[in-house]
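All values below come from the heavy atoms of this structure, side chains included, with hydrogens, waters and symmetry mates left out. Note that the structure is a prediction, hence the values are computed from the model and not measured.
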Amino acid sequence: MHIPAGPVAPHMVDNRYFGRGDKTKYQMGDNEVVSLHARRRNTEADILTLLRKEMDEDPLRDVGARSHLFLVAQPTAGRRDMCLPITGARDWNIRLHTLIQQARTSPRTQAALPGTGFHPDLSSAPQGHRRARGVALSPQHSDLAASAPPKGRSSDA
């Protein structure tokens, strides 16, 4: 059985930090704990950079007074290509919408948002677009207040 490391490891127990060896656990030294905490801070900074980049590249940022919800997901403990079965497949758009539908209708989501949901939700962005490092969803162009970008600005879509 393989149990992957948690994304917020290491955890302190009885004023000590423990790490995993090949088949045993061991008490971690101060340098190793500091290194793991620094790696987590760097990951959090990377995520903020990705979020700012997506916000800066939003093709709809200047279209009316619409609200935007930006979500950036990046695995904290996993292969960089783990989403390729969805984003790299020929039917990536169908797979992405299936994944979103499963998330929206899952009992865990229903329990977390009992009857309230949120607006706009993911069903408000049915149009998929390929991006250099993944995919994005946006509203259909007919849903926009103005379909053309302002003069001097080009659209990514």
For this session: Give the intermediate values and the outcome of side-chain contact (heavy atoms from CB on, under 4.5 Å) for residues D58 and F70.
Result: CA-CA 9 Å; D58 179 14; F70 292 92; 3.5 Å; yes
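- Contact annotation: the side chain of E32 approaches that of Y26 to within less than 4.5 Å [non-hydrogen atoms, C-beta and beyond].
- Side-chain contact between T98 and I86 is absent, with no heavy atoms from C-beta onward closer than 4.5 Å.
- Hydrophobic clustering, with ILVMFWY side chains joined whenever heavy atoms are under 4.5 angstrom apart, groups L137 together with L99.
- Closest non-hydrogen pair, R95 versus D91, comes out as NE-OD1, 2.7 Å.
- Note that the OG1 atom of T105 and the CD atom of Q101 stand 5.0 Å from one another [nearest 0.5 Å].
- Distance alone, capped at 3.5 Å, is enough to place a donor-acceptor pair between the R130 side chain and the T87 backbone.
- M55 and L50 end up in the same hydrophobic cluster when Ile, Leu, Val, Met, Phe, Trp and Tyr side chains are linked at under 4.5 Å.
- Using a 4.5 Å heavy-atom threshold, the side chains of H97 and W92 count as separate.
- E54 has its side chain within reach of R131: a pair of non-hydrogen atoms, C-beta onward, lies under 4.5 Å apart.
- Judged by distance alone, with hydrogens and angles left aside, the side-chain atoms of S35 form no donor-acceptor pair with the main-chain N or O of N31 at under 3.5 Å.
- Of the inter-residue distances, the one linking D14 atom CG with Q27 atom CD reads 10.5 Å to the nearest 0.5 angstrom.
- Closest heavy-atom contact between V13 and F18: O-CE1, 4.1 Å.
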